[in-house]
Asks: 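Here's a structure for you.
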Amino acid sequence: MRLHGKRLLGIYHRLLDRYGRQHWWPAETPFEVMVGAVLTQNTAWSNVEKAIANLKAAGMLERDSMLLMPRQALAEAIHPAGYFNVKAKRLHSLCRFLQRHPGLERLDSEPLRSRLLSVHGIGPETADDILLYAFNRPVFVVDAYTRRLFSRVGIIDPDIGYEQLRQGFEKALGADVPLFNEYHALIVVHGKSVCRPRALCEACVLDRHCLQSGVIRRQ
DNA sequence: ACCCAGGGTCATA
DNA sequence: TATGACCATGGG
């Protein structure tokens, strides 16, 4: 099942008309983007905001100061974001990686991506968040919302692999950083408010595009 | 009380 | 390679 650019752009414009520009990523620095990307793994953003505020207040929202902080103190600061022991370790891995790789931003996207993936705690989605929103690379971020929305619309197999799906979008849309930035943000906003796991899809602007909306409503 | 959230790693078969 | 357990908080 191939993805078509025109179809994807049609959906994009419906979302944009409905929700407006999102101005992502909600962070002030590339480092803050990376930290947020780790903290939001399987976690509601509202919880991440509290953790980030704690880090800011403690002066820890910077590579070297975060690295100097003991693991347990870091875990305490990010407590509201959940999985705090796991994530404290992952944040330290990220910091050590950044320290080991000065001039990281000069790498091409492919080698940069494989470097990121080699870091403990950075998987495909987190790596792509970082590539797109911290390094402005034309990488389409795939997450649970993306898979749910487009499988409900009926243009992908819900079990399609991450890599296949990502490259499908990138080939269909062409490398376009501002588009990828806005599109992913819109997918998330739409997913949080309307395209939920058991939603009835009543307020869905994709109504006519969405196969499942009718199916779910008829239940 | 239950479900879910802007995933990833590790052990097991 | 493919599942399953595990990590943990907070809002609806």
Side-chain angles (χ1 to χ4, degrees), chain A residues 12 15 19 21-28 30-55 71-97 113-135 137 139-152 157-166 169 179-203 216 219:
Chain A
Y12 169 73
L15 294 173
Y19 301 103
R21 293 197 178 281
Q22 301 301 312
H23 307 288
W24 268 30
W25 184 284
E28 294 179 0
F31 183 72
E32 188 178 335
V33 172
M34 300 187 226
V35 170
V38 169
L39 290 179
T40 199
Q41 290 169 354
N42 202 41
T43 298
W45 183 254
S46 57
N47 290 352
V48 176
E49 287 180 316
K50 295 167 192 168
I52 299 253
N54 288 345
L55 291 174
R71 183 69 49 86
Q72 192 176 344
L74 178 54
E76 197 175 318
I78 64 173
H79 182 268
Y83 305 135
F84 43 81
N85 290 315
V86 170
K87 287 173 178 173
K89 182 177 176 183
R90 292 179 183 178
L91 288 177
H92 273 161
S93 300
L94 171 65
C95 290
R96 270 187 272 106
F97 168 75
R113 187 166 198 271
S114 54
R115 295 285 186 200
L116 287 168
L117 288 174
S118 73
V119 179
H120 174 90
I122 297 185
E125 308 189 20
T126 307
D128 291 343
D129 278 335
I130 292 172
L131 285 165
L132 179 60
Y133 292 107
F135 291 99
R137 304 307 174 92
V139 169
F140 198 95
V141 178
V142 173
D143 62 359
Y145 288 129
T146 310
R147 193 172 267 102
R148 186 160 70 227
L149 192 159
F150 290 98
S151 53
R152 281 184 179 181
D157 172 355
D159 297 320
I160 185 175
Y162 183 95
E163 206 52 26
Q164 247 191 314
L165 188 48
R166 176 176 76 86
F169 275 98
L179 175 64
F180 291 179
N181 179 315
E182 197 58 51
Y183 208 157
H184 177 64
L186 288 167
I187 289 166
V188 172
V189 170
H190 180 68
K192 285 198 223 186
S193 58
V194 175
C195 194
R196 303 175 62 78
R198 307 186 176 203
L200 299 177
C201 297
E202 282 175 0
I216 290 174
Q219 283 177 349

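Residue numbering restarts at 1 for every chain, and letters A, B, ... go by the order of the sequence lines. From a predicted model like this one, the values you see are computed outputs, not experimental measurements.
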Asks: Determine whether a donor-acceptor pair (N or O, by modelled atom type, separation under 3.5 Å) exists between the side chain of A:Arg71 and the backbone of A:Asn85.
Replies: no
Asks: Which residue, A:Tyr19, A:Trp24, A:Phe140, forms the ring pair (Phe, Tyr, Trp, His ring centres under 6.0 Å) with A:Tyr183?
Replies: A:Phe140
Asks: Answer yes or no: are there more than 12 heavy-atom neighbours, outside A:Arg21 itself, under 6.0 Å from its atom CZ?
Replies: no
Asks: Reckon A:His120 touches a base, only the sugar-phosphate, or nothing at all at heavy-atom distances under 4.0 Å?
Replies: sugar-phosphate
Asks: Taking any heavy-atom pair under 4.0 Å as a contact, classify A:Lys87: base, sugar-phosphate, or nothing.
Replies: nothing
Asks: Does A:Glu182 use its side chain to pair, donor to acceptor, with the backbone of A:Gln22 at less than 3.5 Å?
Replies: yes
Asks: Starting at atom NZ of A:Lys192, determine the distance to atom C1' of B:dC3, rounded to an integer number of angstrom.
Replies: 17 Å
Asks: Check this for me: A:Arg115, atom CZ, are more than 12 non-hydrogen atoms of other residues, nucleotides or ligands nearer than 6.0 Å?
Replies: no
Asks: Would you kindly compare A:Val119 and A:Asp129 by the position of their nearest DNA chain B nucleotide and give the one closer to the 5′ end?
Replies: A:Asp129
Asks: Please figure out whether A:Thr43 or A:Ser46 has its closest DNA chain C nucleotide nearer the 5' end.
Replies: A:Thr43
Asks: In whole angstroms, how far is the C1' atom of B:dA5 from the CZ atom of A:Phe84?
Replies: 17 Å
Asks: Identify which nucleotide among B:dT9, B:dG7, B:dA5 has an atom closest to any side-chain atom of A:Pro197, counting heavy atoms from C-beta outward.
Replies: B:dA5
Asks: So what does A:Asn85 hit on the nucleic acid, given a heavy-atom distance under 4.0 Å: a base, only sugar-phosphate, or nothing?
Replies: sugar-phosphate
Asks: In whole Å, measure the gap between the C1' atoms of C:dT3 and B:dA5 for me.
Replies: 22 Å
Asks: Tell me, please, the opening and closing nucleotides of DNA chain C, 5' to 3', among those with an atom under 4.0 angstrom from a non-hydrogen atom of chain A.
Replies: C:dC7 to C:dG11
Asks: Figure out the CE/P separation between A:Met34 and B:dG7, and round it to whole Å.
Replies: 19 Å
Asks: Heavy atoms from C-beta onward define the side chain here; which of B:dC3, B:dG8, B:dG7 lies closest to that of A:Pro124?
Replies: B:dG8
Asks: Please check this pair: side chain of A:Glu32 against backbone of A:Glu28, looking for a donor-acceptor N/O pair closer than 3.5 Å.
Replies: yes
Asks: Rounded to the Å, how far apart are A:Phe97 CZ and B:dG8 P?
Replies: 15 Å
Asks: Under 4.0 Å, heavy atoms only, any strand: does A:Val188 hit a base, just the sugar-phosphate, or nothing?
Replies: base
Asks: In whole angstrom, give the distance that lies between atom CG of A:Asn42 and atom P of B:dG7.
Replies: 6 Å
Asks: Counting any heavy atom closer than 4.0 Å, what does A:Arg147 reach on the DNA or RNA strands: base, sugar-phosphate only, or nothing?
Replies: nothing
Asks: Using only side-chain N and O atoms of A:Arg148, determine if any of them is under 4.0 Å from OP1 or OP2 of B:dC4.
Replies: no
Asks: Give DNA chain B the dot-bracket treatment, 5' to 3': Watson-Crick (N1-N3 with N6-O4 or O6-N4) or G-U (N1-O2, O6-N3) under 3.5 Å, [ ] crossing, | other strand.
Replies: .||||.|||||||
Asks: Below the 4.0 Å mark, does B:dG7 have OP1 or OP2 next to a side-chain nitrogen or oxygen of A:Thr40?
Replies: no
Asks: Using modelled atom types and a 3.5 Å cut-off, is there a donor and acceptor pairing between side-chain atoms of A:Gln41 and backbone atoms of A:Tyr83?
Replies: no
Asks: Go through the steps to decide whether A:Asp143 and A:Thr146 satisfy the test side chain to side chain donor-acceptor pair (under 3.5 Å), and finish with yes or no.
Replies: CA-CA 5 Å; A:Asp143 62 359; A:Thr146 310; 2.6 Å; yes
Asks: Report yes if at least one side-chain N or O of A:Arg198 is closer than 4.0 Å to OP1 or OP2 of B:dC4; otherwise report no.
Replies: yes
Asks: If the plane angle is over 60° it's perpendicular, under 30° parallel, otherwise tilted; pick one for A:Trp25 and A:Trp45.
Replies: perpendicular
Asks: Rounded to the nearest angstrom, tell me the gap between atom CG in A:Asn47 and atom P in B:dA5.
Replies: 13 Å
Asks: Is a donor on one side and an acceptor on the other found under 3.5 Å between the side chain of A:Ser151 and the backbone of A:Arg148?
Replies: yes
Asks: I need the CH2-C1' distance between A:Trp45 and B:dC4, as an integer number of Å.
Replies: 18 Å
Asks: Run the side-chain contact (heavy atoms from CB on, under 4.5 Å) test on A:Asp128 and A:Arg113 for me, step by step, so that the C-alpha distance in whole Å, both residues' side-chain angles and the decisive distance to 0.1 Å come before the verdict.
Replies: CA-CA 8 Å; A:Asp128 291 343; A:Arg113 187 166 198 271; 2.7 Å; yes
Asks: Rounded to the Å, how far apart are A:Gln41 CD and B:dG8 P?
Replies: 5 Å
Asks: Need one value for A:Ile122: base, sugar-phosphate or nothing, where a base atom within 4.0 Å counts as base even if backbone is also close, heavy atoms only.
Replies: sugar-phosphate
Asks: Measuring only the P atom in each nucleotide, how far is C:dG10 from B:dG8? A whole number of Å is fine.
Replies: 22 Å
